[in-house]
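Note that the numbering runs from 1 along the sequence shown for the chain. In this text the structure is predicted, and so the values were computed from the model without any measurement.
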Amino acid sequence: MAVDKNMQILVVDDYKTMLRIIGNLLKQLGFSNIDEATDGGSALGKLRDKNYGLVISDWNMEPMTGLQLLKEVRADEKLKAMPFIMITAESKTENVIAAKAAGVNNYIVKPFNAETLKKKLGAVIGDF
């Protein structure tokens with residue numbers, strides 16, 4: 001099955017520059033329906049209001065971290081199957097283990113480029 005490049009993607013990061021960088025990388029890869037949230041709480045609200053095909057979230061955010069957001073998504077009957085990619089500046093093994101235990105689909109360590117994002121996305125939603 002072909003990947004739907006028109007699917008809604010929610011990018012969650014409390015750092016506006018990172019939102020712009022990830023959005024630009026997604027656009028380079030051919031995705032155009034990109035929505036943004038600056039914290040886990042507002043992301044959760046958007047996820048419950050709209051149909052997204054993928055969440056790409058930063059780990060380190062206040063007041064709700066990316067890990068807390070992931071746990072909320074996995075606990076929600078309507079959202080639990082949603083593909084979720086975590087982004088972090090820290091490559092601590094315990095963080096990767098915690099994210100995997102919480103049900104993350106993939107994990108990206110900053111900094112990364114379009115090729116890395118494409119590979120990680122491909123592993124989650126299928127090659128494109």
Side-chain angles (χ1 to χ4, degrees):
M1 190 177 95
V3 170
D4 178 12
K5 288 198 173 180
N6 287 319
M7 75 169 142
Q8 288 281 331
I9 299 174
L10 182 63
V11 179
V12 190
D13 200 309
D14 56 355
Y15 192 47
K16 291 221 179 283
T17 304
M18 211 52 219
L19 285 173
R20 195 171 63 243
I21 290 167
I22 296 167
N24 287 338
L25 289 174
L26 285 166
K27 285 177 185 152
Q28 281 176 35
L29 296 174
F31 295 93
S32 54
N33 286 327
I34 302 157
D35 204 354
E36 298 176 346
T38 53
D39 65 70
S42 65
L44 209 49
K46 287 183 176 214
L47 287 166
R48 288 180 173 145
D49 282 349
K50 229 170 162 181
N51 283 327
Y52 290 94
L54 172 70
V55 178
I56 299 175
S57 176
D58 187 34
W59 179 292
N60 295 311
M61 297 182 292
E62 294 291 332
M64 182 190 279
T65 67
L67 184 62
Q68 289 169 311
L69 173 61
L70 173 61
K71 287 177 178 176
E72 289 285 333
V73 166
R74 292 296 178 247
D76 187 305
E77 200 53 44
K78 280 176 35 196
L79 303 175
K80 69 180 183 184
M82 179 161 320
F84 198 111
I85 296 176
M86 188 78 73
I87 296 177
T88 183
E90 301 167 39
S91 56
K92 290 185 198 154
T93 308
E94 62 266 25
N95 285 12
V96 177
I97 292 168
K100 287 275 185 210
V104 78
N105 295 94
N106 220 322
Y107 201 87
I108 303 175
V109 178
K110 296 177 194 172
F112 59 95
N113 58 22
E115 193 51 43
T116 301
L117 182 59
K118 183 175 186 189
K119 252 189 254 160
K120 299 287 186 171
L121 282 171
V124 172
I125 61 172
D127 290 328
F128 55 93

* To do: Could you check Leu121 against Leu26 for side chain to side chain contact (heavy atoms under 4.5 Å, CB included), going step by step and ending with a plain yes or no?
  => CA-CA 10 Å; Leu121 282 171; Leu26 285 166; 3.8 Å; yes
How long is the span from the [atom1] atom in [X] to the [atom2] atom in [Y], to the nearest 0.5 Å?
X	Y	atom1	atom2	result
Asn60	Thr65	CG	OG1	8.0 Å
Ile56	Ile85	CD1	CD1	5.0 Å
Met64	Lys71	CE	NZ	11.5 Å
Leu67	Asn95	CG	CG	8.0 Å

* Donor-acceptor under 3.5 Å (Arg74 side chain, Leu69 main chain) ->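 A pair under 3.5 Å: no.
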* Under 3.5 Å: donor-acceptor pair, side chain of Asn33, backbone of Asn6 ->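 Such a contact is found between Asn33 side chain and Asn6 backbone.
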Are the side chains of [X] and [Y] in touch, meaning some heavy atoms are under 4.5 Å apart?
X	Y	answer
Val12	Phe84	no
Ile22	Phe112	yes
Leu54	Asn105	no

Grab the two heavy atoms, one from [X] and one from [Y], that are nearest each other, plus how far apart they are.
X	Y	result
Leu70	Ala102	CD2-CB, 3.6 Å
Pro83	Val124	CB-CG1, 3.4 Å
Gln28	Ala114	OE1-CB, 3.6 Å

* Heavy-atom neighbours of Phe128 CZ exceed 12 at 6.0 Å ->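 Buried by this count: over 12 neighbours within 6.0 Å.
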I'd like a table of donor-acceptor pairs (distance under 3.5 Å, sequence neighbours excluded) in which one partner is a side-chain atom from residues 34-48, with atom names and distances.
{"unit_1": "Asp35", "atom_1": "OD1", "unit_2": "Lys46", "atom_2": "NZ", "d": "3.2"}
{"unit_1": "Asp35", "atom_1": "OD2", "unit_2": "Lys50", "atom_2": "NZ", "d": "3.4"}
{"unit_1": "Asp35", "atom_1": "OD2", "unit_2": "Tyr52", "atom_2": "OH", "d": "2.4"}
{"unit_1": "Asp39", "atom_1": "OD1", "unit_2": "Gly41", "atom_2": "N", "d": "2.9"}
{"unit_1": "Asp39", "atom_1": "OD1", "unit_2": "Ser42", "atom_2": "N", "d": "2.8"}
{"unit_1": "Ser42", "atom_1": "OG", "unit_2": "Asp39", "atom_2": "O", "d": "3.2"}
{"unit_1": "Lys46", "atom_1": "NZ", "unit_2": "Glu36", "atom_2": "O", "d": "2.7"}
{"unit_1": "Arg48", "atom_1": "NE", "unit_2": "Asp76", "atom_2": "OD2", "d": "2.9"}
{"unit_1": "Arg48", "atom_1": "NH2", "unit_2": "Asp76", "atom_2": "OD2", "d": "3.3"}

* To do: Scan residues 116-126 for pairs that pass side-chain hydrogen bond (donor to acceptor under 3.5 Å, both in side chains), counting only residues two or more places apart or in two chains.
  =>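 Output for this query lists Asn113-Thr116.
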* Identify, with sequence neighbours excluded, every residue that meets salt bridge (Lys or Arg N to Asp or Glu O under 4.0 Å) alongside Glu62. =>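 Partners of Glu62 by the salt bridge (Lys or Arg N to Asp or Glu O under 4.0 Å) criterion come out as none, since no residue qualifies.
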* For Lys92, enumerate each residue passing the salt bridge (Lys or Arg N to Asp or Glu O under 4.0 Å) test, keeping only those at least two apart in sequence or located in another chain. =>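 Partners of Lys92 under the salt bridge (Lys or Arg N to Asp or Glu O under 4.0 Å) test: Glu90.
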* Looking at residues at least two apart in the chain, or sitting in another chain, which of them share a side chain to side chain contact (heavy atoms under 4.5 Å, CB included) with Arg20? ->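 So Arg20 forms a side chain to side chain contact (heavy atoms under 4.5 Å, CB included) with Thr17, Asn24.
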* For residues 3-19, which residue pairs qualify under salt bridge (charged side-chain N to carboxylate O under 4.0 Å, His left out), counting only residues two or more places apart or in two chains? ->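 Qualifying pairs: Asp13-Lys110.
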